[in-house]
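Beneath this line is the structure, given in structure tokens, with notes to follow.
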Amino acid sequence: MEIIIGKPLPLHPDFSRQAKARSFWRRSDKAAWDYCGVSTSSITYDASGIWPILPRHERETLPRYERRKAQAIARGYQRQILDRFSDHVFRVPAARPDAVGEYGKLMADADGAGTKLPDLVKRALRRAQTEGPCYLLADSNQQAVYATKADEIAAGKRGVVTIVGADQVVWWRMWRGVVMEAIILLCDRDGEDYAYYVTETTAQRVNIQIKEGQIQPVVISVEDEIPHSYGGCPLVAMVPQFGEDDSPGNTSQGAPLAESIKRICNIESWLLEETQAVTFTTQVFIGVNADQVKSVEAGPGMAVCLESPGASIDKLTADPAQAESLRSTLERETTELYRAAGITAFSPTQAQQPESGVAKAFAFNEIEAKLSALAQAAQTAENLTVKRLSSGNGWPYPGDTSYPANFALPDLADELDYVIRMTTSDLPAILKDKSIREFSQMSFRLNKEEQVELDAQLVEREQQKIEDQTTNPAQRKPGT
């Protein structure tokens, strides 16, 4: 990659398009009070000025549009759904190596600010659910403090992990899902923005400047390349794979939800307009003129006078059927949102149709596939990041971390009953012990020391049974 002083910082051909999409997905995830964004006289955009959130209908008057825009709100469906998936992925802790030595320090403080490694990975994965890719950067404890790598190792440097958002990675080159080189936008402790160009063997700081009227940063100076020993590019991609297509629109779990939330926001705003039209009716006085109507308390614009030979009073109001049609459309769109998420929407005011066992199994398989994709993305990124840090800072790699492969919720009562029946049967001791170990792992998540103690007690129990059968003939089985 050629970086030239005085020229704009290189951008990946897909960066601008993907950044615009991510802006919309993040906006839907936050569902803040300003979801509808800034506006012009005819259309509403999000903060990036790209995505229309509440378009104005060609037959909609500007006052009605402005009122609809001011009253529109975004529902937090996307955040709630993605949080549920994220929490379920981390419901059962991943099986990690013993937290000793430099790895133990990393586990206790992954980012140099006191964040534990599991919490940092969970935060990065939650970001990847919305944006598609998220990145982990194997970084130094303190930048430019030690002159050589030997000095860093002697001082006990073990490295830290920095979460890097997708919008910070403005140029990249990947091979088989692994980042080979990239340009990252960062900010140092003095508040200065700079670009960080990392490859498989070197790292280089690029000082940049944002000129007025320009979006793309301009390179003002390039520092010397610094060799590193991370064993690969220190930037690691965390990309959930929900299908064969690994483009950001298909790796973002929130992308299809964001589209539904925009649709729901528009439908609800139209429904509110129709409801208000039904509530705030306009009186029509037929057979009079405006000069004859002096004491009408309906207010300006709430009474219409029509000169006619006949006299009558009527009213103008919206068609209730239109509002009912919008309600039905809103219900269908909400159901589609949950279908896209892989879960079932539930209305406490409506009776639910019973589902067959096949339907329930199919629905759970869809959910478990998404959970497995999220867990695999977290596992792959965490292991590779720890490998990079251990290689770059001279401490032994502790081994791989394994995330759960099965996300079914076990019925612990049934499992315990199964274990009791197993242990009181005449099955071989090895099968009984295996059932006990599996149940204890499922229910209690024993650490290494507790697992060793359990194994010792199982061996002791089996030896005691043998001794009892030897010393007490009544304990022997018939024929022995």
Side-chain angles (χ1 to χ4, degrees), residues 16-62 64-86 126-133 165-167 240 242 245 247-276 322-345 347 370:
S16 297
R17 176 179 57 84
Q18 294 178 3
K20 292 172 185 176
R22 287 191 292 264
S23 173
F24 174 55
W25 301 337
R26 285 193 298 267
R27 197 170 192 82
S28 300
D29 191 72
K30 293 178 181 177
W33 64 271
D34 59 346
Y35 170 75
C36 294
V38 298
S39 67
T40 67
S41 60
S42 61
I43 199 167
T44 300
Y45 295 93
D46 74 354
S48 68
I50 299 299
W51 295 94
I53 300 296
L54 285 182
R56 177 185 172 189
H57 195 275
E58 60 269 16
R59 295 198 301 270
E60 186 175 23
T61 64
L62 184 58
R64 289 194 65 174
Y65 171 68
E66 292 292 345
R67 180 175 67 242
R68 183 166 66 90
K69 180 182 61 180
Q71 294 176 332
I73 59 175
R75 304 295 182 183
Y77 295 123
Q78 179 174 327
R79 174 169 290 274
Q80 295 170 11
I81 291 171
L82 297 189
D83 283 349
R84 286 172 63 181
F85 274 88
S86 175
R126 180 60 183 81
R127 195 163 179 173
Q129 286 178 267
T130 300
E131 298 186 357
D167 284 356
F242 297 111
D245 187 354
S247 61
N250 291 298
T251 59
S252 167
Q253 190 182 9
L257 309 183
E259 294 293 341
S260 288
I261 290 172
K262 182 178 70 172
R263 180 75 60 84
I264 289 172
C265 181
N266 277 271
I267 295 173
E268 281 192 326
S269 68
W270 297 332
L271 177 59
L272 182 59
E273 275 292 296
E274 289 296 318
T275 304
Q276 289 177 153
Q322 181 65 25
E324 190 60 34
S325 175
L326 287 170
R327 289 190 183 94
S328 299
T329 303
L330 180 62
E331 183 178 347
R332 289 196 302 270
E333 190 63 37
T334 304
T335 301
E336 172 61 21
L337 182 146
Y338 280 95
R339 188 206 64 77
I343 58 181
T344 303
S347 173
K370 293 181 182 294

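Every value quoted in this text rests on a predicted model; they were computed, and no experiment measured them. Heads up: numbering here begins at 1 and tracks the sequence.
A donor and an acceptor atom, one from each side chain of Arg126 and Thr130, are located under 3.5 Å apart.
How far OG of Ser28 is from CD1 of Ile53: 6.0 Å, rounded to the nearest 0.5 Å. For the atom pair Arg56 CZ and Tyr65 OH, the distance stands at 8.0 Å (nearest 0.5 Å). Within the model, atoms CZ of Arg22 and CZ of Arg127 stand 10.0 Å from one another, a figure rounded to the nearest 0.5 Å. A distance of 13.0 Å separates CD of Gln78 from CZ of Arg27, quoted to the nearest 0.5 Å. Rounding to the nearest 0.5 angstrom, the gap separating the CD1 atom in Ile73 from the CZ atom in Arg75 is 3.5 Å. Once rounded to the nearest 0.5 Å, the distance linking CH2 of Trp25 with CD of Gln18 reads 7.5 Å.
For Arg79, the salt bridge (Lys or Arg N to Asp or Glu O under 4.0 Å) partners are Asp29, not counting sequence neighbours. Judged as a side chain to side chain donor-acceptor pair (under 3.5 Å), and not counting sequence neighbours, the contacts of Gln129 are Gln253. In this view, Arg67 and Arg64, Gln71, Glu273, Gln276 satisfy the side-chain contact (heavy atoms from CB on, under 4.5 Å) rule, not counting sequence neighbours. For Ser269, the side-chain contact (heavy atoms from CB on, under 4.5 Å) partners two or more places apart in sequence, or in a different chain, are Leu54, Arg68, Ala72. With sequence neighbours left out, the salt bridge (Lys or Arg N to Asp or Glu O under 4.0 Å) criterion links Arg26 to Glu131, Asp167.
Relative to the six-membered ring of Tyr35, Lys262 misses at least one condition, a distance below 6.0 Å or an angle of at most 45° to the axis.
Nearest heavy-atom pair, Gly76 versus Ala31, reported as atom, atom and distance to 0.1 Å: CA-CB, 4.0 Å. Across every non-hydrogen atom of Ser252 and Ala255, the tightest pair is OG-N, 3.1 Å.
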